*Asks:* 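Here it is, the structure, as structure tokens.
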Amino acid sequence: MPRKVSWFSCGAASAVATKLAVQAYPDLEIFYCEVKEEHPSNKIFLAECEAWFGKKIKVLRDEEFDFSAKNVFRKTRYLVGPSGARCTAELKRKLRWEVSKPDDIHFLGYTVEEIKRLERIKAAEPLVNFYPLLIEKGLTKKDCLSILERKNISLPEMYRLGYKNNNCVGCVKGQAGYWNKIRVDFPDVFQEMSLIERELNRTICKIEWRRGGKRFLKRVFLDELPPEAGNYTSEKDIECGILCLQASDELS
């Protein structure tokens, strides 16, 4: 029988997907690719999720870059581009390829809002068997957050601070509003990433610029980013619909 594998990310959706998967497949293997720049509260969340799952999570750490996104940036001299972030490729995707078996069935935390994202990853990796468990059950990100709160599982600090996802503290995929929020919540992280940008002569953010009556996007370094640029919603908005209630009843 093919091995069942869940890729836990310390995100709310991946936690709920893993719980549903382990209930359906008790022999499920759970992997987590750790990155140093994630918030320390992730360790508490991981431990509480292990107790909820009733299974240990196998923690994977990249050796080449010492599982650090900042090391990836400096060694590869790359931050982010149209194909995505290099840190994701080096610290997560590569490890997934290393431990995967050809016939594995992979459970990922894609919710109904992410159907197109799932289609893209299937197109990029057509030989990999991805099981969209949350999409199959019609669950949203808000549903997953609500389920965890109902189970009294401590949400990672990034959620509590109003971030939409539990990415690294200072994710290079974020734009102006996100980075202005990081500037307020984590000024040391903002300062260090500003220095990395200058060191590599690479930029993360684009802002709207007007010249001669025309509008276009201009790349700016973080140390040039206007504090009012962007618009990142700082309030966590959790709703609990009927699908969340149904899923919550399933999850013991």
Side-chain angles (χ1 to χ4, degrees), residues 1-35 38 42 45-65 67 69 72 83-145 147-148 153 156 164-168 171 173 243 247 250-252:
M1 293 292 291
R3 186 177 63 158
K4 314 299 189 299
V5 175
S6 182
W7 292 94
F8 179 75
S9 68
C10 273
S14 77
V16 174
T18 300
K19 179 62 178 178
L20 290 168
V22 80
Q23 289 186 163
Y25 306 101
D27 60 343
L28 181 81
E29 291 190 43
I30 310 170
F31 292 103
Y32 166 58
C33 299
E34 185 177 359
V35 180
E38 293 176 344
N42 281 10
F45 182 69
L46 185 146
E48 292 188 10
C49 283
E50 278 188 329
W52 189 37
F53 302 154
K55 289 184 75 77
K56 293 291 291 182
I57 298 169
K58 299 176 183 179
V59 178
L60 307 177
R61 298 183 181 94
D62 164 82
E63 294 182 0
E64 181 180 356
F65 299 97
F67 63 104
V72 173
S83 61
R86 183 70 178 267
C87 49
T88 301
E90 298 292 348
L91 304 183
K92 294 186 177 182
R93 190 181 304 148
K94 186 172 69 174
L95 291 177
R96 175 165 62 83
W97 289 341
E98 288 176 359
V99 303
S100 293
K101 299 178 181 178
D103 61 346
D104 281 347
I105 297 175
H106 299 265
F107 293 88
L108 302 174
Y110 289 164
T111 58
V112 293
E113 303 98 330
E114 300 175 300
I115 291 176
K116 290 185 178 179
R117 182 184 174 199
L118 176 65
E119 291 172 352
R120 286 196 298 271
I121 194 172
K122 282 185 172 181
E125 301 184 52
L127 300 181
V128 179
N129 188 358
F130 296 109
Y131 195 130
L133 190 54
L134 298 180
I135 293 174
E136 182 181 272
K137 292 183 176 295
L139 290 172
T140 66
K141 287 185 179 181
K142 291 179 181 179
D143 291 332
C144 294
L145 287 165
I147 288 168
L148 293 173
I153 293 175
K164 299 172 186 177
N165 297 290
N166 187 30
N167 296 337
C168 292
C171 177
K173 299 175 198 173
L243 287 173
E250 283 185 54
L251 299 173
S252 57

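Fair warning: this is a prediction, and the values are worked out from it, not measured in the lab.
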*Asks:* Mark yes or no for whether Glu34, through its side chain, and Arg61, through its backbone, hold a donor-acceptor pair below 3.5 Å.
*Replies:*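 Not a single qualifying donor-acceptor pair exists.
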
*Asks:* Under 3.5 Å, side chain of Glu48 to main-chain N/O of Phe45, donor-acceptor pair present?
*Replies:*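 Not a single qualifying donor-acceptor pair exists.
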
*Asks:* Whether the side chain of Lys4 engages the backbone of Pro2 through a donor-acceptor N/O pair (distance < 3.5 Å, no angle test) should be reported.
*Replies:*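 It does hold such a pair.
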
*Asks:* If we only count heavy atoms from C-beta on, is the Lys92 to Trp7 side-chain gap below 4.5 Å?
*Replies:*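 A side-chain contact under 4.5 Å is absent here.
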
*Asks:* Do Leu108 and Ile121 have side chains that get closer than 4.5 Å, going by heavy atoms?
*Replies:* yes

*Asks:* Would you please indicate yes or no on a ring centroid separation below 6.0 angstrom for Phe107 and Tyr25?
*Replies:* yes

*Asks:* Looking at Glu29 and Lys101, is there a salt bridge between them, counting it only when a charged N and a carboxylate O are closer than 4.0 Å?
*Replies:*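 Between Glu29 and Lys101 there is no salt bridge, as every charged N stays at least 4.0 Å from the carboxylate O atoms.
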
*Asks:* Look only at the side chain of Glu113 and the backbone of Lys141, and say whether a donor-acceptor pair between them is shorter than 3.5 Å.
*Replies:* yes

*Asks:* Heavy-atom distance under 4.5 Å between the side chains of Phe67 and Cys33, does that happen here?
*Replies:*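 Not in contact.
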
*Asks:* I'd like to know if the side chain of Ser9 reaches the main chain of Ser14, judged simply by a donor and an acceptor atom lying under 3.5 Å from each other, with no hydrogens or angles considered.
*Replies:*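 Side chain of Ser9 to backbone of Ser14, a donor-acceptor pair under 3.5 Å: no, none is there.
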
*Asks:* Contact between Lys173 and Thr88 at the side-chain level, heavy atoms closer than 4.5 Å - yes or no?
*Replies:*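 When only atoms from C-beta onward are counted, Thr88 and Lys173 do touch, with a gap below 4.5 Å.
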
*Asks:* Hey, are the side chains of Cys144 and Leu134 touching, using non-hydrogen atoms and a 4.5 Å cut-off?
*Replies:* yes

